[in-house]
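Here's the structure we're looking at; comments come further down.
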Amino acid sequence: LYNLISIRQSKQGTIRNETEKEKLNDLAFNELQAVSGQIKNSFEAQKLHLLFQSAYFMKTANPKSSLKVYYELNELFENNRKLWGNPPYFYINHIRGILNNLRWFGNYAEMPYFINKLKNLLSEFPTAQATIQPLIFIFESRMLTDQKLFAEALNHLNEIQDKITEKETSLTFATKAEVALQTATVHFWNKNYKQALKI
C-alpha cells in the first residue's frame with residue numbers, strides 16, 4: 001500500500017478531484033486495516049504506517065502534517081538504528097522525504113541538520129556513497145539556488161564536482177538526471193548558457 005501511494009504520488013501528483021480523493025481514502029482505509037492486524041509496537045509496522053501517512057499527506061497537499069509525521073518517523077529510526085539495514089536505504093529515503101518537505105515549506109534553516117545526517121552516513125556505510133553523495137549535492141545546491149545565491153551555488157558545484165564525477169558510473173538513471181538538471185540550473189542562473197544547454 002505504501003509503494004502504491006508512492007507510485008501515485010510520483011505519477012499523478014496531488015489529488016485534483018473528488019474521484020481521486022475517494023480512491024485515496026479507500027487506500028488509507030485499507031492501510032489502517034492492515035496496520036490493525038499487525039503487532040503495532042513493531043518497528044516495521046510503525047515505520048510503514050508512518051511512511052504511508054507522510055505520503056498520504058503529501059498527496060493531499062498537506063505538507064505541514066506530512067512534516068510532522070516525518071519527524072515522528074525520524075525519532076522511530078533514531079531509536080532503532082540496529083534495524084536500519086546495510087545499506088540503510090529506507091532511512092536515506094526518509095531523509096530525502098524530510099528535505100523535500102522542508103524545501104516545499106521554504107524552511108531552509110532546518111535543512112543543514114538533515115543534510116549532516118546524510119554526511120555522517122558516508123563513513124558509516126561506504127557501500128551507499130553513490131546514493132548519499134548525489135543527495136547531499138542536490139539538496140545543498142537547491143538550498144542555494146532557491147534562495148538566489150547563484151554565485152555561491154557555482155562555487156559549491158565546483159567544489160563537489162569531482163566527487164560526483166567519481167560516482168557517476170554507479171548512479172541510477174534517475175539520479176544522473178537529477179544531478180544533471182541541478183547542475184544545469186546552477187549554470188543557467190550564472191548565465192553560463194552554453195554549459196547549461198550542453199548539460
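Only a predicted model underlies this, so the values are computations on that prediction, with no experimental measurement involved.
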How about CD on E75, more than 12 heavy atoms from neighbouring residues, nucleotides or ligands closer than 6.0 Å, or not? no
Quick one: list whatever passes side-chain hydrogen bond (donor to acceptor under 3.5 Å, both in side chains) with Y91, sequence neighbours left out. E78
Looking only at heavy atoms, the pair that brings T175 and P134 closest together is CG2-CB, 3.6 Å
Can you tell me how far CG of L135 sits from CD1 of I95, rounded to the nearest 0.5 angstrom? 10.0 Å
Salt bridge (Lys or Arg N to Asp or Glu O under 4.0 Å): pairs with one or both residues in residues 131-146, sequence neighbours excluded: R103-D146, K119-E140, R142-E178
Same apolar cluster: L121 and L102, side chain cutoff 4.5 Å: yes
Could I get the full list of side-chain contact (heavy atoms from CB on, under 4.5 Å) partners for L83, not counting sequence neighbours? F43, N80
Salt bridge (charged side-chain N to carboxylate O under 4.0 Å, His left out) involving K176 - partner list, sequence neighbours excluded: none
Taken to the nearest 0.5 Å, the spacing of L73 CG from L67 CG works out to 11.5 Å
Transitively linked via ILVMFWY side-chain contacts under 4.5 Å: Y70 with F114? yes
Rounded to the nearest 0.5 Å, what separation is found between the CD1 atom of I115 and the CG atom of L99? 5.5 Å
Any E166 side-chain heavy atom under 4.5 Å of Q129 side chain: no
CD of Q161 to OG1 of T165, rounded to nearest 0.5 Å, is 4.5 Å
Do L157 and H187 come close enough that some side-chain heavy atom pair is under 4.5 Å? yes
With sequence neighbours excluded, what pairs up with K198 under the side-chain contact (heavy atoms from CB on, under 4.5 Å) test? Q195
Output every pair passing salt bridge (Lys or Arg N to Asp or Glu O under 4.0 Å) with a member in residues 147-159, not counting sequence neighbours, ordered by first then second residue. none
For E110, check side-chain hydrogen bond (donor to acceptor under 3.5 Å, both in side chains) against everything at least two apart and list the hits. Y71, N107
Should L197 and L181 be regarded as members of a common hydrophobic cluster, given that ILVMFWY residues are connected when their side-chain heavy atoms come within less than 4.5 Å of each other, either directly or indirectly? no
Are Y89 and L171 linked, directly or through intermediate hydrophobic residues, by side-chain heavy-atom contacts shorter than 4.5 Å (ILVMFWY only)? no
Please check this pair: side chain of N116 against backbone of P112, looking for a donor-acceptor N/O pair closer than 3.5 Å. yes
State which residue, out of I199, L154, N155, fulfils the side chain to side chain contact (heavy atoms under 4.5 Å, CB included) condition with V186. L154
According to a hydrophobic-cluster definition based on side-chain heavy atoms being under 4.5 Å apart (Ile, Leu, Val, Met, Phe, Trp, Tyr only), do L122 and F90 belong together? yes
Contacts of S170 meeting side-chain hydrogen bond (donor to acceptor under 3.5 Å, both in side chains) (sequence neighbours excluded), chain-then-number -> none
Verify, without hydrogens or angle tests, whether S54 (side chain) and S66 (backbone) share a donor-acceptor contact under 3.5 angstrom. no
Who are the side-chain hydrogen bond (donor to acceptor under 3.5 Å, both in side chains) partners of T145, not counting sequence neighbours? Q182
Return each pair, listed once, that meets ring-ring contact (aromatic ring centres under 6.0 Å, His included) where at least one residue sits in residues 123-143; pairs must be two or more places apart or across chains. F137-H156
Rounded to the nearest 0.5 angstrom, the CG-CG distance for N74 and L50 is 11.0 Å
If you round to the nearest 0.5 Å, how far is NZ of K47 from NE2 of H94? 11.5 Å
Hits for side-chain contact (heavy atoms from CB on, under 4.5 Å) against Y193, two or more places apart or cross-chain, chain-then-number order -> F188, K191
Going by the rule salt bridge (charged side-chain N to carboxylate O under 4.0 Å, His left out), which residues pair with K163 if we only count those two or more places apart in sequence or in a different chain? none
